[in-house]
Amino acid sequence: MNAQPVDPRRPIAPADQPACLAALEAAVRARTGLRPSAGIVLGSGLGGLVDEVTEPVSIPFSELPGWPSATAPGHAGRLILGRLDGIPVALLQGRFHLYEGNDPGLVVQPVLLMGRLGAPVIVLSNAAGGLNPAFGPGTLMAIEDHLNLTGRTPLLGPNADELGPRFPDLTNAWSPRLRDLLQAAARAEGVELASGVYVGLLGPAYETPAEVRMLRSLGGDAVGMSTVLEAIAARWAGLELCGVSLITNAGAGYSGLPLSHEEVLAAGAAAGPRFVRIIRRLVAEIAGGD
Ligand code: HPA
């Protein structure tokens with residue numbers, strides 16, 4: 001347990017991250033020496049991958065220094081290290097969102113920690129609303145690029161040059177190599193995998209229909225309340241990145257029906273097994289390609 005009460009709003013600049021990560025790494029290393037081949041963040045309703053992990057070491061967020069326990073409904077809030085078909089992985093079940101009041105520096109710490117533990121590859125997943133009218137509920141979408149419309153960044157303030165550059169490049173932030181591996185994994189599993197641009201907003205209110213029309217006209221295919229800051233931090237830290245959105249609902253206004261978090265979780269449960277199959281294959285490919 002954390003000895004001090006944790007204030008998740010406390011600003012964490014990039015220059016503060018090395019000390020935070022050293023403490024986090026020590027807390028994890030007190031429990032396991034496992035070096036993950038990939039770090040995987042599981043979005044709302046996509047936590048089922050955890051059940052496939054063997055020899056799991058499961059660490060509740062509240063037992064890691066500086067991490068609060070509270071996460072969104074449908075998010076369990078733990079870091080799991082173990083093996084997926086024999087391959088060492090780190091899984092984040094639940095994540096820190098901006099809409100919970102968390103500082104951007106905290107939002108990205110799990111991804112930075114998984115990199116620090118040895119993961120060269122980060123896989124982000126999320127539940128999202130469909131902006132592309134062709135992407136109905138249940139669609140899985142490989143993220144090919146993003147729009148960060150949160151108005152926030154995890155890189156504000158003094159930089160830590162030993163972790164990453166002041167001005168990181170985000171061209172091909174979503175690795176073309178990993179996107180190819182994702183598509184190949186989906187084909188091998190007979191699962192359809194679309195591809196598109198993820199728009200990240202603050203939330204927690206869902207969008208208005210006018211906002212959905214605007215985001216579509218800006219080039220977005222899916223919209224959600226996570227992922228973009230983690231993507232920026234991963235690239236800053238030199239980690240290779242890919243991601244999958246599960247479209248849980250058509251964007252606000254498309255169907256005329258109200259949106260609900262229950263609908264999001266139900267769609268996650270329905271698509272979970274397809275997501276698990278793709279990610280298992282991807283992990284095997286990543287490890288096999290070493
Ligand atoms: N908008 C934003 N975030 C979401 C949605 C949505 O429609 N569905 C699931 N997460």
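Numbers here simply count residues along the sequence, with the first being 1. Both counts, for ligands and for their atoms, begin at 1 and track the order of listing. Basis for what follows: all heavy atoms, side chains included, without hydrogens, waters or symmetry-related copies. A quick note: this is a predicted structure, and the numbers were derived from the prediction, not measured.
Residue contacts with ligand 1, taken as heavy atom pairs separated by less than 4.0 Å, involve Leu259 solely via side-chain atoms from C-beta onward. Within the 4.0 Å heavy-atom criterion, neither part of Ala252 lies near ligand 1.
Remark: minimum distance from atom 2 (C) of ligand 1 to any protein heavy atom is reached at Glu207 OE2, 3.2 Å. Looking only at heavy atoms of the protein, atom 9 (C) of ligand 1 is closest to Thr248 OG1, 3.4 Å. Nearest non-hydrogen protein atom to atom 5 (C) of ligand 1 is Gly129 N, 3.3 Å. Considering only non-hydrogen protein atoms, atom 10 (N) of ligand 1 sits nearest to Ala127 O, 3.4 Å.
Classification of the Phe61-Phe96 ring pair by plane angle, with boundaries at 30° and 60°, yields tilted.
For the pair Ser175 and Cys242, the minimum side-chain heavy-atom distance is 4.5 Å or more. By the 4.5 Å heavy-atom criterion applied to side chains, Ile278 and Leu140 are counted as neighbours.
The backbone N or O of Gly138 lies less than 3.5 Å from a partner atom in the side chain of Arg274, making a donor-acceptor pair.
Numbered from 1 in the order shown, with element, the atoms of ligand 1 that lie under 4.0 Å from a heavy atom of Met225 read 2 (C), 3 (N).
In terms of polar-atom proximity, Asn249 is counted as a contact of ligand 1, with an N or O under 3.5 Å from an N or O of the ligand.
Between the side chains of Arg179 and Ser195, not a single donor N or O lies within less than 3.5 Å of an accepting N or O.
Residues Arg10 and Asp103 are not paired through a salt bridge, judged by the lack of any N-O separation under 4.0 Å between the basic side chain and the carboxylate.
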